[in-house]
Amino acid sequence: MPELPEVETIRQELIPHVVGRTIRTVDIRYPPLVAGETPARFASRLIGRRVVDVRRRGKYLIFDLDDGGHWVVHLRMTGQFRWGEGETEGDKHTHARISFVEGGELHYRDVRKFGRFYWVRDEEELLGHLGPEPLSEAWTAEALAQAIGHRRAPVKALLLDQRVVAGLGNIYADEVLFVAGIHPQRPGYTLSDEEIRRVHEAVRAVLEEALAARGSTFRSYRRPGAQQGGYQHQHRVFRRTGEPCPVCGAPIQRVRIAGRSTHYCPRCQGAGIWDSVEKSGTAS
DNA sequence: AGGTTCACCTTATCGC
DNA sequence: TGCGATAA
DNA sequence: GTGAACC
């Protein structure tokens, strides 16, 4: 599950390898990997181009090319990049190989094959729907309040909505709500300004922590050098169902919200306005 | 507007 | 050891 | 992780 911290880590570690190098060959072995056009056409757009920068927007990686075009990648659930100096075949899950004129090879692996490659001239047509970057100065608690303060959806579902804020996925949405002390099922409009400020602050704190640990590996996430991230050891609630809450000791609960497993502490995240709302709601 | 379910794929794990 | 269900 | 179909 590569989310913002994992994608950002991959971006940082790819830069020293690919920026300044020129693409020599593009070998697509699983045609559906390329969205919207044939692998041959996609390859022709990349071959001969020099990579001038690698950026990130939400969970997307953007390779800026010297002709103004962009090779955009979304890793979805199990996509990985692997860097190698020599030429290798890769295993059965390697669906694309990019080689460079100056040497070196970038492999794309993806066990579940959900990831996608795009080529665009105007990145806004692909990324324009995304909400603000949570780590930018421009993203304020007021902006978050504007986006969720009037909505009926559970706050967990709102944090997963990439139009609200770009880059959170299942792991970090659960961690953020625990740190903020908010029940994941609370409708957005029930949060006070103070609670929205806590969520806003928690998003930044959790993402910064995870970034410092180079992301979370609990199944398939790997960095370009195949190393694992380290943040999974610091997860407070994610995939800790039944384990004691790190703050109060109550057993962590798991429920399903918006189709995703959601983990929370019923004591630390159960108190406050929501108790009365929930009780009066179910009683009447 | 929101929820649920399914589809897209493969593998690891779990219970029996 | 193997099979189906389930989760990720 | 995301998008589409359906309630």
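None of the values given here were measured: they were computed from a predicted structure. Reminder, nothing fancy here: chain letters follow the sequence lines and each chain counts from 1.
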A/S261 backbone acceptor or donor facing A/N170 side chain under 3.5 Å: yes

Report the residues that fulfil side-chain hydrogen bond (donor to acceptor under 3.5 Å, both in side chains) with A/E8, sequence neighbours left out, ordered by chain and then residue number. A/R11, A/Q12, A/R56

Below 4.0 angstrom, N of the basic side chain to O of the carboxylate: do A/R29 and A/E89 qualify? yes

In one Ile/Leu/Val/Met/Phe/Trp/Tyr side-chain cluster, 4.5 Å: A/I10, A/V54: yes

Distance in angstrom units between A/D91 CG and B/dT10 P, rounded: 13 Å

Listing time: all N or O pairs from protein to nucleotides 14-16 of chain B that are below 3.5 Å?
none

Residue whose nearest DNA chain B nucleotide is more 5′ - A/A153 or A/H93: A/A153

For A/S261, which contact category applies under a 4.0 Å heavy-atom criterion: base, sugar-phosphate, or nothing? sugar-phosphate

More than 12 heavy atoms from other groups under 6.0 Å of CD on A/Q146: no

Expressed as a whole number of angstroms, how long is the span from A/H150:NE2 to B/dA1:P? 8 Å

What is the distance, rounded to the nearest whole Å, between atom CZ of A/R222 and atom C1' of B/dT11? 14 Å

Residue pairs fulfilling ring pair (Phe, Tyr, Trp, His ring centres under 6.0 Å) with at least one residue in residues 2-41 of chain A, sequence neighbours excluded: A/H17-A/W83, A/Y30-A/H95

Rounded to the nearest 0.5 Å, what separates atom OG1 in A/T25 from atom CD in A/E87? 6.5 Å

Taking the side chain of A/R151 as its heavy atoms from C-beta onward, which of C/dA8, B/dG2, B/dT11 lies nearest to it? B/dG2

side-chain hydrogen bond (donor to acceptor under 3.5 Å, both in side chains) partners for A/E6, two or more places apart: A/Y172

Represent DNA chain B in dot-bracket notation, 5' to 3'. Only Watson-Crick or G-U wobble pairs with both distances under 3.5 Å count; pseudoknot-style crossings use [ ] and interstrand partners use |. .|||||||.|||||||

Charged N to carboxylate O under 4.0 angstrom, A/K59 versus A/E3? no

May I ask you to evaluate whether A/K156 reaches the phosphate of B/dG3, defined as a side-chain N or O under 4.0 Å from OP1 or OP2? no

Counting the atoms with a prime plus P, OP1 and OP2 as sugar-phosphate, which does A/D110 contact under 4.0 Å by heavy atoms, base, sugar-phosphate, or nothing? nothing

Given the P atoms of B/dC8 and C/dC3, what is the spacing between them in whole Å? 25 Å

By the rule that ILVMFWY residues connect when side-chain heavy atoms come within less than 4.5 angstrom, directly or transitively, which residues belong alongside A/F114? A/M77

Using a cut-off of 4.0 Å on non-hydrogen atoms, how would the nucleic acid contact of A/P32 be classed: base, sugar-phosphate, or nothing? nothing

Does anything in residues 232-253 of chain A form a ring pair (Phe, Tyr, Trp, His ring centres under 6.0 Å)? List the pairs, not counting sequence neighbours. A/F218-A/F238, A/Y231-A/H235, A/H235-A/F238, A/F238-A/H263

CG of A/L160 versus P of B/dA1: gap in Å, rounded? 18 Å

If you look at every strand shown and take non-hydrogen atoms under 4.0 Å, does A/Y189 touch a base, only sugar-phosphate, or nothing? nothing

Please report the distance, rounded to the nearest Å, between CZ in A/R112 and P in B/dC8. 13 Å

Measure the distance between the ring centre of A/F114 and the centre of the six-membered base ring of B/dC9, then answer whether it is under 5.5 Å with planes under 30°. no

Numerically ordered, the residues 70-80 of chain A set in heavy-atom contact under 4.0 Å with DNA chain D is A/H74, A/R76, A/M77

Residues in side-chain contact (heavy atoms from CB on, under 4.5 Å) contact with A/H107, at least two apart in sequence or another chain: A/R82, A/T88, A/T94, A/R97, A/E105

Using the P atom on both, measure B/dT5 against C/dT6 and round to a whole Å. 13 Å

How close or far is atom P of C/dA8 from atom CD of A/E6, stated in whole angstroms? 16 Å

At a heavy-atom distance below 4.0 Å, which nucleotide of DNA chain D is the first touched by chain A, and which is the last? D/dG1 to D/dT2

Starting from C1' on B/dT10, measure out to OH on A/Y30 and report it in whole angstrom. 11 Å

Measuring from the side chain of A/R254 (C-beta onward, heavy atoms only), which nucleotide among B/dG3, C/dA8, B/dT11 has the closest atom? C/dA8

For A/V255, the hydrophobic cluster (side chain heavy atoms closer than 4.5 Å, chained through members) also holds A/I257, A/Y264

For B/dC9 versus D/dA4, give the span between their P atoms, rounded off to a whole number of Å. 16 Å

Decide salt bridge (charged side-chain N to carboxylate O under 4.0 Å, His left out) for A/R198 and A/E194; before the verdict, give the C-alpha distance in whole Å, the side-chain angles of both, and the deciding distance to 0.1 Å. CA-CA 6 Å; A/R198 291 213 310 267; A/E194 155 63 18; 3.6 Å; yes

Cluster partners of A/L126, using ILVMFWY side-chain heavy atoms under 4.5 angstrom, listed by chain and number? A/Y60, A/I62, A/V72, A/Y118, A/V120, A/L127, A/L130

Could you state the atom-to-atom distance from CZ of A/R109 to P of B/dT11 in whole Å? 10 Å

